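These notes are about the structure you will find just below.
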2 protein chains.
Amino acid sequence: MIPRQTVNMTDVAQRCGVSIASVSRALRGEPGVSPATRDRIMSAARELAYVVSPEASRLSGGSTGRVGVVVPRIDAWFYATVLAGVAGEFDAVGVDLVLCTLPDSSARHRFFEALPLRRKVDAVIIVSVPLSARERTRLDQLGVPTVQVGGHHPAGGRPWIGIDDELAASQAVGHLLRIGHRDIAMIQAVDQEGTAWAADEARIRGFHDQMAAAGVAEPTVVRVPWGIDGGAQGMETLLSRPRLPSAVFCHSDEIALGALRTLRKSGVAVPQQISVIGVDDHPSADLSELTTVAQPVREQGRLAAVQVLGALGDDGASMPVRTTLPTRLVIRNSTAPPH
Amino acid sequence: MIPRQTVNMTDVAQRCGVSIASVSRALRGEPGVSPATRDRIMSAARELAYVVSPEASRLSGGSTGRVGVVVPRIDAWFYATVLAGVAGEFDAVGVDLVLCTLPDSSARHRFFEALPLRRKVDAVIIVSVPLSARERTRLDQLGVPTVQVGGHHPAGGRPWIGIDDELAASQAVGHLLRIGHRDIAMIQAVDQEGTAWAADEARIRGFHDQMAAAGVAEPTVVRVPWGIDGGAQGMETLLSRPRLPSAVFCHSDEIALGALRTLRKSGVAVPQQISVIGVDDHPSADLSELTTVAQPVREQGRLAAVQVLGALGDDGASMPVRTTLPTRLVIRNSTAPPH
DNA sequence: CTGAAAGCGCTTACAG
DNA sequence: CTGAAAGCGCTTACAG
């Protein structure tokens, strides 16, 4: 077994015959080092394969070189894809990604009360977690820049990146109305505790507004747990009612895929007997010929990373307050005019 | 804006009228503190919402409280699910997860040469990355316990967790042979650089062995890039040949889903004209009625986490050298006897 | 441009 | 059981 490496700043300094102060300055690109000694230091550091101790650096006033990323869960396409966007940017600049998941309400409560990220990161990206006032306050107590992806718009000019969920819903429902549907139901996703995420509230608002504008009062809404199985269950609920709607707007593609599965198993033809539309443009949407409203997911993560890194830079670039990315309708074969 | 918290060990010590040495010992559950003072210290720490500075702790010989997790990419179901298993365990004990992705060969090269994880973590979990001798050496130079999920079995009694990929392939191909197929092709996934992952090599070996045992020499193998689109492309290749095989064994469900997409678009009936089988039991497999060989994915991550945490514990439990999890055939409607 | 020195907040022998 | 003190490896005023 190879002995553990422990090359310190002192080793680099000795090799160059300079003080550790100069090494520290040179390595971080600070002014106050002559080009000649800077060069010597840089190459010595390279030869020795020296890396600064992040602990020591942080302790003496430097940064941690780490950014916390908070997602509700990771084994879901949306979050994994946002994360991939973030990770790509971080990787390019050598920032470490500390991952936090909040799978249930107890984990979530623990996260905001104990603040396990305290003293551990230079900034935080929080994805699709609608924050209560209390949670917002706790997050601010971390004392580091924060950028939010999705969820409610934060107050106080804090940076936010996302799509217009109400518009996305309008695009989906507008398509159904335009091709002649009037009897449209929605399958809404809620989490284990029955709480709707922020995106959901906006999407259901968009749904209701469009329906009201089309003169349809009180359309059917079914609430189901998040995920493919939830979608399957939602369609079972609709099938067990006296009359089947002519179209269904699903909160997300995963819900829609579950709904399609139930329809296939029940022998109900899509789109002949019922139209189905989702939101996301999940990789499986194409496979299942699902009409959907596409959103740029990886790009949301990428932009969040860029903004955070900018805020951390020497210039401390102020982050844009709100960045709304475009969504667009993708028509496939799961929607058609009512029979 | 709330002022940043900076409660230090000194604050806790002063509040109790003891030295920081006692606070340090009490907080870490070390012996040498009387029950009475220990109690006072613990409650003072709680009242002040004190958390040790990980940086200072680490610098003076403690641990980092962090474990690195390395995956090829994160926006793929398998890796995201393994990660979810790891994160669940880490969360329960308050260990931080530092995520590293190796999306391409240059990122991979950088990772093993620069060792960005050096000095930053107490242990490493590396997922599905078949290591060269050089890479293995570099990883050992991190000087921390390492556990591998999937990939080649590491030498030197290092811990490994995974499935028997050769067996998984046998289960899939055995099923096809048993229901009467002889003309079976395989769609193999390779990465951008055209390299096969370790799992792939084992699966193709299992395929060839089964075919040879059944008396079929030199069955067709198509190599495609990883992912759904790769699978679609692989099936296009097979369709462009003079004769269509009666069944296709796909390296993974994502490959199989792509293959199914191409077949649907070409109007080739599954399973009437061709049978398709994959490996994984991906959430979309059920939706697409894909026969597959299921493997416990989340469980592989969970076990890796448990082993790493055990090795980090005071007892320094030695890790089991090799843990092979079971796979099982899941028969759905994409396979049937040849016509 | 360069270095000696203080200090970051802990852990750990070493004394008592 | 308890505390004073050294030391972990850096960064940053402060002098030169």
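Nothing here was measured: the structure is a model prediction, and the numbers come from that model. Because only heavy atoms are used, hydrogens play no part in the values below, and waters and symmetry mates are left out as well, while side chains stay in. The sequence lines fix the lettering, A, B, ..., with proteins before strands; numbering per chain opens at 1.
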Without decimals, in angstroms, what is the distance between [X] [atom1] and [N] [atom2]?
{"X": "Ile41(A)", "N": "dG3(C)", "atom1": "CD1", "atom2": "C1'", "result": "12 Å"}
{"X": "Arg58(A)", "N": "dC8(C)", "atom1": "CZ", "atom2": "C1'", "result": "10 Å"}
{"X": "Arg119(B)", "N": "dG9(D)", "atom1": "CZ", "atom2": "C1'", "result": "7 Å"}
{"X": "Glu30(B)", "N": "dT11(C)", "atom1": "CD", "atom2": "C1'", "result": "9 Å"}
{"X": "Leu59(A)", "N": "dG9(D)", "atom1": "CG", "atom2": "P", "result": "12 Å"}
{"X": "Met9(A)", "N": "dT12(D)", "atom1": "CE", "atom2": "P", "result": "11 Å"}
{"X": "Arg28(B)", "N": "dG9(C)", "atom1": "CZ", "atom2": "P", "result": "18 Å"}
{"X": "Arg38(A)", "N": "dC1(C)", "atom1": "CZ", "atom2": "C1'", "result": "11 Å"}

Per [X] side chain, nearest of listed nucleotides [options]:
{"X": "Ala56(B)", "options": "dG9(C), dT11(C), dC10(D)", "value": "dG9(C)"}
{"X": "Asn8(B)", "options": "dA4(D), dT2(D), dC10(C)", "value": "dC10(C)"}
{"X": "Ser24(B)", "options": "dT11(D), dT11(C), dT12(C)", "value": "dT11(C)"}

(request) Supply the atom-to-atom distance Leu48(B) CG to Gln14(B) CD, rounded to the nearest 0.5 angstrom. (result) 10.5 Å
Charged N-O contact under 4.0 Å between [X] and [Y]:
{"X": "Glu30(B)", "Y": "Arg38(B)", "answer": "no"}
{"X": "Arg15(A)", "Y": "Asp11(A)", "answer": "no"}
{"X": "Arg138(A)", "Y": "Glu135(A)", "answer": "no"}
{"X": "Asp122(A)", "Y": "Arg66(A)", "answer": "no"}

[X] vs [N]: side-chain N/O to OP1/OP2 distance below 4.0 Å:
{"X": "Ser60(A)", "N": "dG7(C)", "answer": "no"}
{"X": "Tyr50(B)", "N": "dC10(C)", "answer": "yes"}
{"X": "Ser19(B)", "N": "dA4(D)", "answer": "no"}
{"X": "Ser22(A)", "N": "dT2(C)", "answer": "no"}
{"X": "Thr37(A)", "N": "dT2(C)", "answer": "yes"}

(request) Counting Watson-Crick and G-U wobble pairs only, both distances under 3.5 Å, name the nucleotide matched with dA13(C), or none. (result) none
(message) Tell me which nucleotide, if any, is Watson-Crick or G-U wobble paired with dA4(C) when both distances must be under 3.5 Å.
(response) none
(message) Looking at Ser34(A) and dC1(C), is any side-chain donor or acceptor paired with a base atom of the opposite kind under 3.5 Å?
(response) no
(message) If you assign Arg25(B) and Glu55(B) each to the DNA chain C nucleotide with the nearest heavy atom, which residue ends up on the more 5' nucleotide?
(response) Glu55(B)
(message) Here's a test of your reading of the structure: between Thr10(A) and Ile20(B), which maps to the more 5' nucleotide of DNA chain D?
(response) Ile20(B)
(message) Surrounding NE2 of His109(B) (heavy atoms of other residues, nucleotides or ligands, distance under 6.0 Å), is the total greater than 12?
(response) no
